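Report on the structure given below.
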Amino acid sequence: MPRYEPVDPGQSFPKLEESVLERWRERDVFHESIRRREAEGAEPYVFYEGPPTANGRPGSHHVLARIFKDVFPRYRTMRGYLVPRKGGWDCHGLPVELEIERELGLNNKHEIEAYGVEKFNARCRESVLRYIDEFDKLTERIGFWLDTDNAYFTLDNDYIESVWWSLKTVWEQGRLYEGHKVVPYCPRCGTALSSHEVAQGYRDVVDPSVYVRFPIEPGVSLLGWTTTPWTLLSNAALAVNPDVTYVRARVGDEILIMAEPLVERVLGDVPIEARFKGSELEGTKYDPPFHYVTDFGPLSHTVLAGDFVTTDDGTGVVHTALAFGEDDFALGEQHGMTLQNPVKLDGTFDERMGPFAGKFVKDADPEIVEALGDRLFRHVPYEHAYPHCWRCGTPLLYYAKASWYVRTTAVRDQMLAENEKINWYPEHIKHGRFGEWLRGNVDWALSRERYWGTPLPVWRCDDGHEHAIGSRAELQELAGAVPDDLHKPFIDDVTFVCRECGGEMARVPEVIDAWWDSGSMPFAQWHAPHENEDVFERRFPADYICEGIDQTRGWFYSLLAVNTLLFGRSPYETVLCLGLILDPSGQKMSKSRGNVVDPWDVIDAHGADAFRWYYFTSKQPWDGYRFSLETVGESVRQFMLTLWNTYGFYVLYANAGDVEPAEGEVTELDRWVLSRLAATTEVAIERLDDYDTTSAGRAIAAFVDDLSNWYVRRSRRRFWDGEPAAFWVLRECLVTVSKLLAPLTPFIADAMYENLDASEPSVHLCDYPAPGERDVELEWQMEVVRDTIELGRAARAHAKVKVRQPLGEAIVVAADRERAAIERFEELVLDELNVKSLRFVSEADELGRWQLKPNYRTLGPRFGKRMPLAADAVAALDAQRAAATLREGGVVGVTVDGEEYQLGADDVQMALEPLEGYRVERAGTHAIALNVDLNPELRREGLAREAVHAIQAARKSAGLNVEDRIALTVGGDDELLDAIRAHEPYVSGETLATSVTYDGAGDATHIEGLELRIAVERA
RNA sequence: GGGCGAUUAGCUCAGUCGGUUAGAGCGCUUCUCUGAUAAGGAAGAGGUCCCAGGUUCGAGUCCUGGAUCGCCCA
């Protein structure tokens, strides 16, 4: 029986992960990881799942969010926290309805109602659950540990009831009110559009733009401008900017009043009769162009001040029709004007509008321009981008509609104060995108005139008395009945008697914005406060949430707004924002572009760990990813294969020699690698505490690289010899790495742990490693040593002498600490460079001359403007003498601008300039030179090594196993055979030859032009 | 139109408090090493640090303006 399960070097990671998943299921590891912390009474670390909508297949961006939602809860669990993670699903909202409309071929609300709201909502309910299985499958497969069995659904009656409670609370605070708002509205579909939909439908169109006279006395008119002539029929007021200069301009025999900066563009070069501030026009009465509707209150047809008036285009005199523009509407409200809307919901003028009644407003434009008569000053076509309904192409109208609002502006300052306490990643969101958004906060338009959503729990009687319902019990008490399903249409049948007037109270028809649902999840996921209030309180606020950066004004806002209104504080403390997934050319991934990468393709090709590792370490997650199958594959090759092979190496030799790892005498290299391991652990903890997987992962990868390509490479002999202490160190490194990696790549980490340790049922039930002892000096020394070796190898390359050829001597220029470092690892340096001895020269003169350069970093602040003079002074120093002084810790004096200054070792950078004729490589203060003279003995040894190399190749091509013994037969050139004879113990030892015969036959190969014939046979 | 971010080698990305010679990996060329490795090592080619101004003794880094891309909002 092998000590460990053999490791397949060609292991398919996707397959490996399947088996790890199976083990997790069998051992119920996820729940066990929570149960254990629960039993310990561990401190909670709270994560909130921002609910996705499962009405489409999950994509690569879902994987991104879900693994970042996974990694920190896993990490915190290993760090000793109790981290429950309840899943959730966002079920309501307009996108769901639109999807069903498409499926059913319905075009507008009339058709939905004709189809039947009950049937329609049943379809919506079905559709949002349609892909939950696929989400759950993917969630499990990528290793996102989430309690999907007890997930919350925003469509559940319990959830709705909690949301009702929140709305009733807000209503009791006096912060839920009905108001009017100008919204983009499609008259054909009979619905307002969200800004998102509006943004999809901009088209360049040519509209009439008209300059219109608004007379204030005979021969004197204000000159207004509009691109929507149809709104002139309900002109209510004019707006001017009080701070802009206006003029009375003479045009022919009339006077026109407009903003000065626009005069030339509109009127050309005309005489100006007077200049004055816009504020002086305030209160001026004028005669409107039409008189079909005239009663807008006392300020009808008066000039008003409006800050929104600009001098970018038009005339600086803005025609205002209260119902058809946001600014217009706000202006009217501000001045207490009476709203008149002469346009019906289908987009036609109502019966008040004389000859225009029944006409679609946009179609009426030409006739209205015609009807302006002598009020029309000028009429020009105007090309601009105008929003159209993305679905039916109808031009949208901006239209004042009644809507329910939550007075979030009442808690604006509090939200800003709470935002200050939130830990944002990346940081700029706090005061940038999110902070700006909060500062510009307006009341939340909560209601939707739709069907599939949480019904707004407000009942109203004919006399306008209102009552908000906060629970099913309350409804039961008042109405005597509660429907089994709290959605429309059932809830609309529930009526009760008005307490104030005895009339019948019926529910208002609206549902609410689905964002309020998701913002309610901190309490609604527990059905609090109707039950589980204690659970809610323990799990509020969240320590950590994580979503795409597009949620800044979505869920991040809805959470903050709802919970600040209800509880006066932010429901989360740390937010990690994720960027978009782009294709390799930087284009957004979308179905229409056809550049979407299916997450299953990635998983099938490279596995979930590779997917995770790529997302965690390739860049800062909020910057977005240029993503393809290949980029994920690269991260596998770079990191996971190196790790896997190191692990495989350990298992191979531990099994081969049946070695029991045992703590023993440690070598310098052991101490080094353990110190590096401790350093890596420190960094991993420090970075993961700071929500930085990128740096943590890269640090771990750097360690694995050191482990594989330095520690193991340099220690191979000890593993071949089965030295228990070496196995102990390597196992320690591998097991610790598996724990360090567990939150990031949970599969490979657990596979390694299970094979190497298995003292727990899973690595995910272990504590995160605590850093061991560091030996910082040793780490630094190894840096110097590796650096020196690199220089030596470069010197060899330049001299074109292969590493296989031994050389007599390397001359190393290094002093003090550096020399001590190299001496400590002399054997290692000799071996790596394949030289017989090292000779140190601490005085550089033998190999080169010192160059001094000023250290701008220290001298810059000291000399400021005179820095160039200081640099000159350093250049003028006698470099050799100054270097000697500085290296002994002395100071040198320079004169700059007539003043004396002392410079220390930190103030200059010393570098060696090699002398002519030496094969020298240098870096900073150390350098290395190789003696490349070969004597016959070195030459023989070099050839022997070449022969070994050739024999190993022959072994391999003969298909022998690494542990097979051979009978070796060699023949060919005498010089080669002499070399082999001279080093026969070495040759046979390296090639596991039990016998060497020198007689000719075998396959011929050539070494430096000399023939060598080799035959190997299993002995 | 407004807010925010990004732009560094063919590709993917680092680049600290502003410090003078801008790095890594992949890919490419040429070598090399090998009882784990699809690995490792050396050398080379490859750069208008998006552009233009400015601040500074000194700018990839700070400021202003612009371009392009993206996100969010109107």
Side-chain angles (χ1 to χ4, degrees), chain A residues 7 9-10 184 195-196 198-199 310 312 326 385 387 426 428-429 431-437 439-440 548-554 577 579-580 582 584-588 614 617-620 622-628 630-631 633-639 641-653 656 694-695 698 701 705 708-710 712-713 716-717 719-720 789-798 800-804 832 834 853-861 863-871 911 921 949 952-953 955-956 960-964 990-992:
Chain A
V7 173
S195 60
H196 176 73
V198 174
T310 69
D312 295 339
E326 211 168 318
H428 63 77
I429 302 286
H431 294 124
R433 189 177 289 197
F434 197 63
E436 293 291 340
W437 161 251
R439 261 189 289 286
I549 201 166
D550 53 332
Q551 293 299 322
T552 315
R553 296 175 186 194
C577 301
L580 257 74
L582 307 172
S585 58
Q587 297 290 303
K588 185 179 173 174
Y614 165 76
T617 61
S618 69
K619 60 191 308 195
Q620 297 289 25
W622 45 82
D623 285 340
Y625 292 83
R626 295 202 171 187
F627 171 72
S628 69
E630 288 67 35
T631 53
E634 190 177 304
S635 68
V636 182
R637 277 192 297 280
Q638 275 302 120
F639 172 66
L641 281 179
T642 307
L643 176 64
W644 189 255
N645 288 320
T646 309
Y647 159 63
F649 174 88
Y650 171 88
V651 168
L652 180 66
Y653 285 98
T694 316
S695 306
R698 287 176 181 180
D705 188 72
S708 170
N709 291 319
W710 195 243
V712 171
R713 185 161 79 79
R716 270 186 291 220
R717 182 75 58 182
F719 291 101
W720 302 339
I789 290 165
E790 196 174 304
L791 290 176
R793 275 200 289 250
R796 268 186 179 272
H798 278 133
K800 299 208 186 307
V801 183
K802 290 180 179 183
V803 180
R804 266 199 293 266
E832 280 289 315
N834 196 16
K853 293 179 71 182
N855 182 357
Y856 284 88
R857 193 161 239 168
T858 58
L859 298 181
F863 290 98
K865 269 195 204 333
R866 294 170 303 157
M867 188 59 219
L869 297 175
E921 294 294 325
H949 182 61
Q952 300 292 21
R955 282 183 61 113
K956 207 170 247 177
L960 299 177
N961 292 324
V962 291
E963 66 276 12
D964 287 338
E990 288 295 306
T991 61
L992 301 184

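Proteins get letters first, then strands, A, B, ... in listed order; numbering begins at 1 in each. Not measured: the values here are computed from a predicted model.
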[atom1]-[atom2] distance between [X] and [Y], expressed to the nearest 0.5 angstrom:
X	Y	atom1	atom2	value
A/Leu641	A/Thr646	CG	OG1	10.0 Å
A/Arg716	A/Tyr653	CZ	OH	9.0 Å
A/His431	A/Arg439	NE2	CZ	7.0 Å
A/Ile549	A/Ile429	CD1	CD1	3.5 Å
A/Lys619	A/Thr694	NZ	OG1	10.0 Å

Roughly, in whole Å, what's the span from [atom1] in [X] to [atom2] in [N]?
X	N	atom1	atom2	value
A/Glu436	B/rC4	CD	P	6 Å
A/Leu580	B/rC72	CG	P	7 Å
A/Arg553	B/rG2	CZ	P	15 Å
A/Trp437	B/rG3	CH2	C1'	12 Å
A/Asn645	B/rU34	CG	P	19 Å
A/Asp623	B/rC69	CG	C1'	13 Å
A/Phe434	B/rC4	CZ	C1'	14 Å
A/Phe639	B/rA24	CZ	C1'	17 Å

Would you say [X] reaches [N]'s phosphate, i.e. side-chain N/O to OP1/OP2 under 4.0 Å?
X	N	value
A/Arg857	B/rG19	yes
A/His949	B/rC33	no
A/Gln952	B/rU34	no
A/Arg955	B/rG35	no
A/Tyr653	B/rG35	no

Report the nucleotide, chosen from [options], that has the shortest atom-to-atom distance to any side-chain atom of [X].
X	options	value
A/Lys865	B/rU34, B/rU56, B/rC4	B/rU56
A/Trp720	B/rC71, B/rC57, B/rA36	B/rA36
A/Leu992	B/rG70, B/rG35, B/rC13	B/rG35
A/Lys619	B/rA14, B/rG70, B/rC57	B/rA14
A/Leu641	B/rA38, B/rU34, B/rC4	B/rA38
A/Met867	B/rG19, B/rG3, B/rA14	B/rG19

Task: Option among A/Trp720, A/Trp644, A/Phe719 that satisfies the ring-ring contact (aromatic ring centres under 6.0 Å, His included) test with A/Phe649 - done: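 In the set A/Trp720, A/Trp644, A/Phe719, the residue that makes a ring-ring contact (aromatic ring centres under 6.0 Å, His included) with A/Phe649 is A/Phe719.
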Please determine, for [N], whether a Watson-Crick or G-U wobble partner exists with both distances under 3.5 Å, and give it or none.
N	value
B/rG35	none
B/rG1	B/rC73
B/rC50	B/rG66
B/rC57	B/rG19
B/rG44	B/rC28

Open item on the list: On RNA chain B, does the nearest nucleotide to A/Gly864 precede the nearest nucleotide to A/Pro861 from the 5' side, or the other way round? Give the residue.
Closed with: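 Nearest nucleotide further toward 5': that of A/Pro861.
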Open item on the list: Let me spell it out: for each of A/Tyr614 and A/Asp550, pick the nucleotide of RNA chain B with the closest heavy atom. Which residue's pick is nearer the 5' end?
Closed with: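 Here A/Tyr614 is the residue nearer the 5' end.
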What interatomic distance, in whole Å, is found between [atom1] of [M] and the corresponding atom of [N]?
N	M	atom1	answer
B/rA42	B/rC50	C1'	35 Å
B/rC57	B/rG18	P	16 Å
B/rU56	B/rC17	C1'	15 Å
B/rC49	B/rA38	P	39 Å
B/rG19	B/rG10	P	25 Å
B/rC4	B/rA74	C1'	15 Å
B/rA59	B/rA22	P	14 Å
B/rU61	B/rG54	P	14 Å

Please classify the nucleic acid contact of [X] as base, sugar-phosphate, or nothing, using heavy-atom distances under 4.0 Å.
X	answer
A/Gln551	nothing
A/Thr552	nothing
A/Val712	base
A/Arg866	nothing

Task: Side-chain heavy atoms of A/Trp437 within contact of A/Thr552, under 4.5 Å - done: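 They are not in side-chain contact.
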- [ ] Mark yes or no for a side-chain to base donor-acceptor pair under 3.5 Å between A/Ser708 and B/rA39, with no hydrogen or angle criteria applied.
- [x]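 Absent.
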Open item on the list: Would B/rG5 be called syn or anti here, given the cut-off of 90° from 0?
Closed with: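 Anti.
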Task: Ring geometry between A/Tyr625 and A/Tyr614 (parallel below 30°, tilted from 30 to 60°, perpendicular above 60°) - done: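 Tilted: the ring planes of A/Tyr614 and A/Tyr625 meet at 30° to 60°.
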